[in-house]
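Right, one structure below, let's go through it.
Computed from heavy atoms alone, side chains included, the values below leave out hydrogens, waters and symmetry copies. Chain A is the first sequence line, chain B the second, and so forth, proteins listed ahead of strands; every chain is numbered from 1.
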Amino acid sequence: SAVISQKPSRDICQRGTSLTIQCQVDSQVTMMFWYRQQPGQSLTLIATANQGSEATYESGFVIDKFPISRPNLTFSTLTVSNMSPEDSSIYLCSVESPGADTQYFGPGTRLTVL
Amino acid sequence: QKEVEQDPGPLSVPEGAIVSLNCTYSNSAFQYFMWYRQYSRKGPELLMYTYSSGNKEDGRFTAQVDKSSKYISLFIRDSQPSDSATYLCAMNEANTGFQKLVFGTGTRLLVSP
């Protein structure tokens with residue numbers, strides 16, 4: 001499976017600031033995904049990021065709050081903008097599997113907003 | 001009602017026990033079913049992938065799908081303390097493919113020595 005890394009692994013941020021999370025994969029992939037995992041809740045897809053096109057956002061998520069970049073086939077960033085305590089969560093990136101039948105996940109970024 | 005229901009646990013068992021983890025779902029269009037294992041402070045790791053109904057075995061793990069009952073299971077034989085983790089089920093429709101996975105909330109499993 002692909003080796004996926006995320007930076008930072010965790011952070012504590014102040015209300016009103018922004019944080020950019022990086023996702024790096026060791027092989028070229030067409031599709032990358034960003035998820036949020038809140039305590040007691042299932043993984044929720046934020047957006048799908050394809051290289052060379054705008055990210056596609058799921059219902060309830062908007063580009064102004066969660067801008068995404070996908071500059072090449074091995075890298076993506078997710079920014080959490082103007083943060084509030086409700087944004088405290090684990091943010092995960094994932095990539096399509098080689099057989100394009102499922103997804104492999106990164107280790108996650110644990111975000112706490114004070 | 002959630003599309004996928006999963007008991008959050010925790011499920012506590014002694015080492016060596018057979019563990020049964022389950023998910024129910026409401027969408028009859030789901031065709032592909034997955035189990036992920038997530039250790040504390042780690043990302044989900046794919047354990048098993050199955051298509052449609054039937055059983056699939058991989059070492060100590062067996063995944064079972066009963067589409068008529070909209071019920072999937074993961075069995076762990078000879079459970080070990082290293083199996084202590086949260087187990088997430090996931091599934092998707094054939095027409096949306098792997099891009100639209102629907103997850104359960106996860107069941108926390110604790111295996112005591």
Side-chain angles (χ1 to χ4, degrees), chain A residues 1-11 21-25 29-50 53 55-59 61 78 89-112, chain B residues 1-10 21-27 30-52 56 58 63 65 72 74 85-108:
Chain A
S1 63
V3 177
I4 305 167
S5 60
Q6 284 186 235
K7 290 181 181 179
S9 58
R10 61 191 313 161
D11 208 342
I21 302 168
Q22 299 178 7
C23 180
Q24 178 78 52
V25 62
V29 293
T30 302
M31 306 188 78
M32 297 180 79
F33 308 87
W34 287 98
Y35 287 83
R36 183 172 69 185
Q37 186 177 31
Q38 295 180 312
Q41 298 186 25
S42 55
L43 270 72
T44 303
L45 180 63
I46 297 171
T48 301
N50 290 338
S53 63
T56 303
Y57 289 82
E58 297 300 304
S59 174
F61 298 97
L78 170 77
S89 184
I90 299 172
Y91 291 86
L92 295 153
C93 71
S94 71
V95 304
E96 63 183 283
S97 62
D101 51 9
T102 188
Q103 297 177 25
Y104 296 142
F105 285 84
T109 295
R110 185 178 295 267
L111 170 63
T112 302
Chain B
Q1 182 189 4
K2 294 179 181 178
E3 274 193 292
V4 179
E5 298 278 359
Q6 190 175 7
D7 188 326
L21 302 166
N22 311 295
C23 288
T24 60
Y25 62 95
S26 57
N27 184 351
F30 286 144
Q31 294 280 351
Y32 300 88
F33 304 91
M34 288 135 273
W35 286 94
Y36 287 84
R37 177 176 63 195
Q38 186 173 22
Y39 290 113
S40 181
R41 303 184 185 280
K42 300 288 185 183
E45 168 195 11
L46 181 67
L47 268 183
M48 301 285 284
Y49 175 89
T50 56
Y51 168 69
S52 197
K56 183 177 182 179
D58 184 0
V65 175
I72 69 171
L74 178 71
T86 297
Y87 290 80
L88 306 166
C89 64
M91 49 200 78
N92 64 272
E93 299 180 25
N95 62 345
T96 56
F98 70 93
Q99 301 167 45
K100 297 289 184 181
L101 298 183
V102 180
F103 286 86
T105 54
T107 298
R108 187 173 170 219

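Note that OG1 of B/Thr105 and CD of A/Gln41 are 9.5 Å apart. Values are rounded to the nearest 0.5 Å. For the atom pair B/Leu101 CG and A/Tyr35 OH, the distance stands at 4.5 Å (nearest 0.5 Å). Distance check, rounded to the nearest 0.5 Å: CD1 of A/Ile90 to CD of B/Gln38 gives 6.5 Å. Atom-to-atom distance recorded for A/Tyr104:OH and B/Phe98:CZ is 11.5 Å, nearest 0.5 angstrom.
Looking at B/Tyr51, neither its backbone nor its side chain comes within 4.5 Å of chain A, counting heavy atoms on both sides. Of the atoms belonging to B/Arg108, not a single heavy atom falls under 4.5 Å from chain A. Proximity to chain B (any heavy atom under 4.5 Å) is restricted, for A/Gln37, to the side chain, taken from C-beta onward. Residue B/Pro8 does not touch chain A at all, counting heavy-atom pairs closer than 4.5 Å. In this structure, no portion of B/Tyr32 lies under 4.5 Å from any heavy atom of chain A. At a 4.5 Å heavy-atom cutoff, the contact between A/Leu43 and chain B is made by backbone and side-chain atoms alike.
At a threshold of 4.5 Å between non-hydrogen side-chain atoms, the residues B/Lys100 and A/Glu58 count as touching.
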Output, in order, the C-alpha distance, side-chain angles, deciding distance and verdict of side-chain contact (heavy atoms from CB on, under 4.5 Å) for B/Leu88 and A/Phe105. CA-CA 13 Å; B/Leu88 306 166; A/Phe105 285 84; over 6 Å; no
Is there a side-chain contact (heavy atoms from CB on, under 4.5 Å) between A/Arg10 and B/Arg41? Walk through the geometry before answering. CA-CA 10 Å; A/Arg10 61 191 313 161; B/Arg41 303 184 185 280; 3.5 Å; yes
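Checking B/Gln99 against A/Glu96 by side-chain atom types alone, no donor-acceptor pair falls below 3.5 Å.
Contact detail for A/Ser42 and B/Phe103: the closest heavy-atom pair is CB-O, 3.3 Å.
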